[in-house]
Amino acid sequence: MRLSMKNLKEIKLFAMDVDGTLTDGKIYMGNDGELFKAFNVKDGLGIKLLKDSGIVPAIITGRNSQIVSNRCLELGLTEFHQGVKNKAAKLKELMDQYGLTAEQTAYIGDDMNDLSAIKTAGITFAPSDCAESLKPYIDILLTRPAGQAPVREAIDMILKDRYDFSDFLDL
């Protein structure tokens, strides 16, 4: 870990890759194309907590998937971008749209196709099983592997001391 938790308090945009980050990276294909993906419910709740905290969650993925669209709509995400070839350009576009600096922007990804976005964001995360070649560029290497709630692990770090979890006591 190359930065202090204080830096995490500045985050206002949290961008995420999908395959290998929000999912285990497996793509289940049948004769008619992609059949299903497994998402971790803990990541989903974490994403909702980000929104409740005023942090913009965003999906930036290179693939196109109706399954991803369905999940994003279920979570109420307004910033989900599929078929993105240049993730850095899309991340910069989102930063400009929300008037944010790199220091206010975090990104989580798992492989070299995320490197341009990782070099653009001020704070970067990766699942524990990310590509070895990506590790030198990551600020925080998480303890959880892809599909096993690494996004939630990152979100919990970001929201530490920023979110009042006592709201859940009344449920």
Geometric class of the F125/F14 ring pair [parallel <30°, tilted 30-60°, perpendicular >60°]: perpendicular
CD1 on I60 to CE on M16, rounded to 0.5 Å: 9.0 Å
Minimum heavy-atom distance K85-G62, with the two atoms named: NZ-O, 3.9 Å
Residues forming a side chain to side chain contact (heavy atoms under 4.5 Å, CB included) with A149, sequence neighbours excluded: N40, K42, D43, R144, R152
Nearest heavy-atom neighbours spanning I59 and C72: CG1-SG, 3.7 Å
Test item: L115 and L134 side chains (from C-beta on) under 4.5 Å apart, heavy atoms: yes
Stepwise side-chain contact (heavy atoms from CB on, under 4.5 Å) test for T21 and V151: CA-CA 7 Å; T21 304; V151 169; 3.8 Å; yes
Option passing side chain to side chain contact (heavy atoms under 4.5 Å, CB included) with I155 (candidates I47, I108, I11): I47
Straight-line distance of I118 CD1 to I123 CD1, nearest 0.5 Å: 13.5 Å
Pair D19 + K37, salt bridge at N-O below 4.0 Å: yes
Check: A146 main-chain N/O paired with D129 side-chain donor or acceptor under 3.5 Å: yes
Donor-acceptor under 3.5 Å (Q82 side chain, S65 main chain): yes
Any side-chain donor near an acceptor of the partner, N70 and Q66, under 3.5 Å: yes
Reported NZ-to-CG distance for the pair K119 and D114, which is rounded to 0.5 angstrom: 13.5 Å
Cluster check V84, Y98: I/L/V/M/F/W/Y, side chain < 4.5 angstrom: yes
Check: I55 main-chain N/O paired with S53 side-chain donor or acceptor under 3.5 Å: no
Exam field: side chain D111 to backbone N113, donor-acceptor pair closer than 3.5 Å: no
V68 and R63, any side-chain heavy atoms less than 4.5 Å apart: no
Shortest non-hydrogen separation from K51 to P57 and the atoms involved: CG-CG, 3.4 Å
Side chains of K135 and E132 in contact at under 4.5 Å (non-hydrogen atoms): yes
Closest non-hydrogen atom pair between I67 and F36, with its separation: CD1-CA, 3.4 Å
G109 to P127 - nearest heavy-atom pair and separation: O-CD, 3.4 Å
Sidechain-backbone polar pair: E153 side chain, T143 backbone, donor-acceptor under 3.5 Å: yes
Pairwise side-chain contact, F80 with L73, heavy-atom cut-off 4.5 Å (strictly under): yes
Shared hydrophobic cluster, F39 / I27 (ILVMFWY, side-chain heavy atoms < 4.5 Å): no
Shared hydrophobic cluster, L35 / V18 (ILVMFWY, side-chain heavy atoms < 4.5 Å): no
Backbone of Y107 reached by a side-chain donor or acceptor of T124 within 3.5 Å: no
N/O donor-acceptor pair under 3.5 Å between Q104 side chain and T101 backbone: yes
Residue list, side chain to side chain contact (heavy atoms under 4.5 Å, CB included) with K92, at least two apart or on another chain: T120
Nearest-0.5 Å distance that lies between atom CG in L8 and atom CG in L159: 10.0 Å
CD-NE2 distance between E79 and H81, expressed to the nearest 0.5 angstrom: 4.0 Å
With sequence neighbours excluded, residues passing salt bridge (Lys or Arg N to Asp or Glu O under 4.0 Å) with K90: E93
Nearest non-hydrogen partners of S116 and N86, listed with the distance: OG-OD1, 4.2 Å
Spacing of L142 atom CG and Q148 atom CD [to the nearest 0.5 Å]: 13.0 Å
